[in-house]
Amino acid sequence: MIPSLEQLEQLGAISRLDRHFARALGRLVDGSQPEVLLAAALASRAVQQGHVCADLGRLDLAGLVDDPAQTPPDLELPAFASWRVALRDSPLVGESIDEDEPRPLVLDPLGRLYLYRYARYQQRLVDSIRARTLGPVEVHSEALRAGLERLFHETGGGSEQQRRAALIAVLRAFTVISGGPGTGKTYTVAKILALLQEQAQALGRAGLRIVLLAPTGKAAQRLGESIDESVGALRCADEIKAAIPREAATIHRALGYQPRTPTQFRHDADNPLPADVVLVDEASMVDVALMAKLVVAVPPTSRLILLGDKDQLASVEAGAILGDIYGDHQGEGYSESFARAVAQVTDDDLPVSASRPEPGIHDCMIHLDFSYRFGDASGIKALADAINDGDGDQAVRAIAEHDDVSLRSLDAHHDLQQVLGDLVLDHYGPLGQGTAAEKLARLGQFKILCAHHRDRFGVEAVNRFVEQHLSDHGKLQIDRDWYDGRPIMITANDYQLELFNGDVGVIARPEGSDELQAFFVGREGEPLRQLPPARLPPHQTVFAMSVHKSQGSEFDHLALLLPEVASPILTRELLYTGITRAVQSVSLFGCEAVLRQAIDKRIDRPSGLGDALWGLRDEG
């Protein structure tokens with residue numbers, strides 16, 4: 001028997017919002033079949049779960065409900081074949097995107113069901129990217145050869161990969177550069193921007209208008225600072241260095257966020273960004289809706305470069321852009337025509353794909369895997385590699401064989417006092433002493449990361465415990481909302497104060513004053529920024545933070561708390577993201593069984609984006 005929408009809501013398979021959405025569609029067309037309304041609710045649920053679509057052929061009722069044991073045995077989802085027929089026959093469902101007569105739902109040939117809006121976002125993204133993968137790009141061969149020799153003169157390490165990334169970025173209008181922490185992505189990009197400006201100069205054109213973007217204010221600030229630091233060391237003319245921007249903006253700000261119409265930006269296809277090159281850092285954090293709006297606002301003749309780590313957590317909202325672009329295809333080689341184009345410019349010999357002789361997305365991407373941060377003896381690198389390979393046995397061996405990674409027991413018999421008590425006193429106890437600069441430096445040395453927000457070992461419980469523990473031991477005097485030594489993280493951008501979501505500061509007393517102030521690190525070479533706490537935008541205490549919030553950060557040492565039992569959000573990508581925030585050591589807290597389950601579980605976000613970009617359409 002097919003479950004009703006009310007039954008699904010009671011079982012936790014859909015939300016009240018999903019049920020109301022399906023009912024609203026049912027009122028548009030009298031006599032809509034229950035199978036169609038059920039699919040509509042599941043398509044709505046999919047977006048809430050971070051998916052772009054509901055993959056009906058892969059859905060299982062037991063995987064949707066909160067407790068399969070409480071599900072009536074006679075309930076089951078419709079058979080896929082008949083479900084697809086019912087959807088194709090419904091006036092609520094289209095099989096393509098018709099902007100003149102849009103239908104609320106779109107069903108693709110493989111049985112993936114989209115809300116119309118998300119099908120359109122994905123199609124616009126696909127169309128824009130594919131157009132950029134095919135068009136030829138004019139280059140000045142002699143200037144490119146000279147620039148490559150001068151800027152990529154180093155040998156060994158990851159220099160060959162970085163040089164190849166530069167070749168792709170100069171010869172293609174669309175480039176994706178992926179790499180883990182310490183692989184030199186930003187340093188490589190600085191050289192790429194120099195090469196592009198040299199190309200414009202050699203071709204007799206005006207200097208390129210380069211726009212640097214990131215999904216969050218914190219990431220944008222870090223990108224600008226990293227580019228600034230890298231440009232100074234480049235072996236190129238001063239006028240080329242001066243033509244490379246050092247300031248980055250958030251995607252929202254660059255597109256022209258409009259509070260009255262928050263889903264529509266000032267810049268779009270009709271009013272494109274004034275840019276010749278658009279670089280987006282931390283692209284794995286960008287959802288499909290925002291990325292679609294960005295790519296259509298980038299002029300068709302401009303270059304688009306995406307930078308990120310394909311193995312990191314996907315965006316909080318719907319989509320997994322880098323994961324979809326790479327899929328399982330990286331390392332298959334380049335088209336024969338692109339390899340010839342490279343050989344005509346340089347002596348570089350690119351591997352050729354036997355299965356993909358024509359130009360395409362495979363000519364536009366590279367993954368940097370040589371880490372300058374972690375040596376061959378690093379346990380963090382060994383553990384990260386094992387996690388990415390999905391090898392639980394190797395991960396356990398890496399922990400056993402290295403001193404910089406450890407796994408400590410954490411289960412229902414342990415409390416936070418037993419688990420974190422000594423670590424908290426050692427690393428956070430000194431926050432009650434010293435200057436604001438010393439407190440901020442200490443916050444970069446250690447952090448507690450949590451997989452969840454609200455369970456027994458989640459962010460909220462851990463932050464409360466740390467405050468109480470430090471207070472009980474006389475390390476901090478916690479008698480008000482703002483107290484000396486309180487670490488805080490900004491949770492909403494404030495462009496006027498130049499404080500951004502993810503920025504970390506500390507409450508402290510200025511030297512010679514009893515009045516508490518909020519301190520934040522300034523730009524390189526600048527003094528600390530100081531603000532009255534009452535002026536701060538929304539913020540929260542941050543002795544502990546979620547792994548999601550930690551993206552882009554790094555700490556000398558960290559403790560990563562796993563939940564007592566496996567959960568849907570505890571995945572391979574979450575583990576990898578968490579442990580690679582550490583530079584020197586990682587202490588994992590949890591049981592081995594939960595660790596292995598997390599390594600076995602990958603983020604699975606159905607979208608169809610990868611299939612479309614790689615030409616893997618199946619008519620079903």
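Values reported hereafter were calculated over all heavy atoms of this structure, with side chains retained and with hydrogens, waters and symmetry mates removed.
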Donor-acceptor pair between Gln161 and Asp369 side chains, under 3.5 angstrom: yes

Heavy-atom closest pair, residues Val504 and Phe520: O-CD2, 3.6 Å

Lys447 side chain near Arg581 side chain, heavy-atom distance below 4.5 Å: no

Near-ring test Phe265/His252, centroid separation under 6.0 angstrom: yes

Any donor-acceptor N or O pair under 3.5 Å, side chains Gln551, Gln312: yes

Evaluation steps, salt bridge (charged side-chain N to carboxylate O under 4.0 Å, His left out), between Arg246 and Glu225: CA-CA 7 Å; Arg246 271 64 158 192; Glu225 292 171 349; over 6 Å; no

Ring-ring centroid check Phe543 Tyr428, cutoff 6.0 Å: yes

Arg19 side-chain N/O to Ser15 backbone N/O, donor-acceptor pair under 3.5 Å: no

Heavy-atom side-chain proximity of Ile507 to Asp484 below 4.5 angstrom: no

Evaluation steps, side-chain contact (heavy atoms from CB on, under 4.5 Å), between Thr250 and Thr216: CA-CA 6 Å; Thr250 64; Thr216 68; 5.7 Å; no

Heavy-atom donor-acceptor pair, His402 side chain to Ala398 backbone, under 3.5 Å: yes

Glu467 and Thr541: CA distance, side-chain angles, deciding distance, side-chain contact (heavy atoms from CB on, under 4.5 Å) verdict: CA-CA 9 Å; Glu467 283 188 322; Thr541 301; 3.9 Å; yes

Atom pair CG/OH of Asp287 and Tyr121 - distance to nearest 0.5 Å: 8.5 Å

Short side-chain to backbone donor-acceptor contact, Lys381 and Phe374, under 3.5 Å: no

Arg397 atom CZ: more than 12 heavy-atom contacts under 6.0 Å: yes

Closest contact, heavy atoms only, Val565 versus Val594: CA-CG2, 3.9 Å

Expected output: side-chain His473 to main-chain His469 donor-acceptor under 3.5 Å: yes

His539 side chain to Pro537 backbone, donor-acceptor under 3.5 Å: yes

Residue Glu401 excluded, over 12 heavy atoms near CD under 6.0 Å: yes

Closest contact, heavy atoms only, Val547 versus Gly578: CG1-N, 3.7 Å

Neighbour count >12 (heavy atoms, 6.0 Å) for atom CG, Asp481: no

Any donor-acceptor pair under 3.5 Å from Thr491 side chain to Pro538 backbone: yes

Leu440 and Phe519: CA distance, side-chain angles, deciding distance, side-chain contact (heavy atoms from CB on, under 4.5 Å) verdict: CA-CA 8 Å; Leu440 285 170; Phe519 289 87; 4.3 Å; yes

Gap separating the CG atom of Leu470 from the NZ atom of Lys475, nearest 0.5 angstrom: 8.5 Å

Donor-acceptor contact below 3.5 Å, side chain Lys439 vs main chain Gln433: yes

Any Glu573 side-chain heavy atom under 4.5 Å of Asp311 side chain: no

Backbone of Gln597 reached by a side-chain donor or acceptor of Asp600 within 3.5 Å: no

Test log, rule side-chain contact (heavy atoms from CB on, under 4.5 Å), inputs Asp503 and Gln221: CA-CA 10 Å; Asp503 284 351; Gln221 182 178 13; 4.0 Å; yes

Sidechain N-carboxylate O distance under 4.0 Å for Arg596, Glu592: yes

Leu212 and its side chain to side chain contact (heavy atoms under 4.5 Å, CB included) partner, picked from Ile305, Leu223, Leu307: Leu223

Separation of Leu431 CG from Tyr483 OH (nearest 0.5 Å): 9.0 Å

Close aromatic pair by centroid cut-off 6.0 Å: Phe589 and Phe457: no

Glu515 bridged to Arg509 by N-O distance under 4.0 Å: no

Any donor-acceptor pair under 3.5 Å from Lys310 side chain to Ile177 backbone: no

Atom pair OG/CG of Ser553 and Leu443 - distance to nearest 0.5 Å: 11.5 Å

Side chain proximity check, Pro215 to Leu290, heavy atoms < 4.5 angstrom: no

Short side-chain to backbone donor-acceptor contact, Asn463 and Ala544, under 3.5 Å: yes

From Tyr372 atom OH to Thr183 atom OG1, the distance as rounded to the nearest 0.5 Å: 9.0 Å

Pairing of Arg456 and Glu564 as salt bridge, 4.0 angstrom limit: yes

Pairing of Glu282 and Arg222 as salt bridge, 4.0 angstrom limit: yes

Point-to-point distance, once rounded to the nearest 0.5 Å, from NE2 of His453 to CE of Met545: 10.5 Å

Atom of Leu595, atom of Ile399 and distance for their closest heavy-atom approach: CD2-CD1, 3.9 Å

Donor + acceptor pair across side chains of Asp18, Ser44 (<3.5 Å): yes

Pairwise side-chain contact, Val462 with Leu420, heavy-atom cut-off 4.5 Å (strictly under): yes

Validation row: Leu113, Leu42 side chains within 4.5 angstrom (heavy atoms): no

Neighbour count above 12 (heavy atom, 6.0 Å) for Gln477 CD: no

pair Leu561-Ile448: side-chain heavy atoms closer than 4.5 Å: yes

Closest contact, heavy atoms only, Ala248 versus Ala220: CB-O, 3.2 Å

Heavy-atom pair of closest approach, residues Ile599 and Asp391: CG2-N, 3.8 Å

Flag for Tyr114-Gln122: side-chain donor and acceptor within less than 3.5 Å: yes

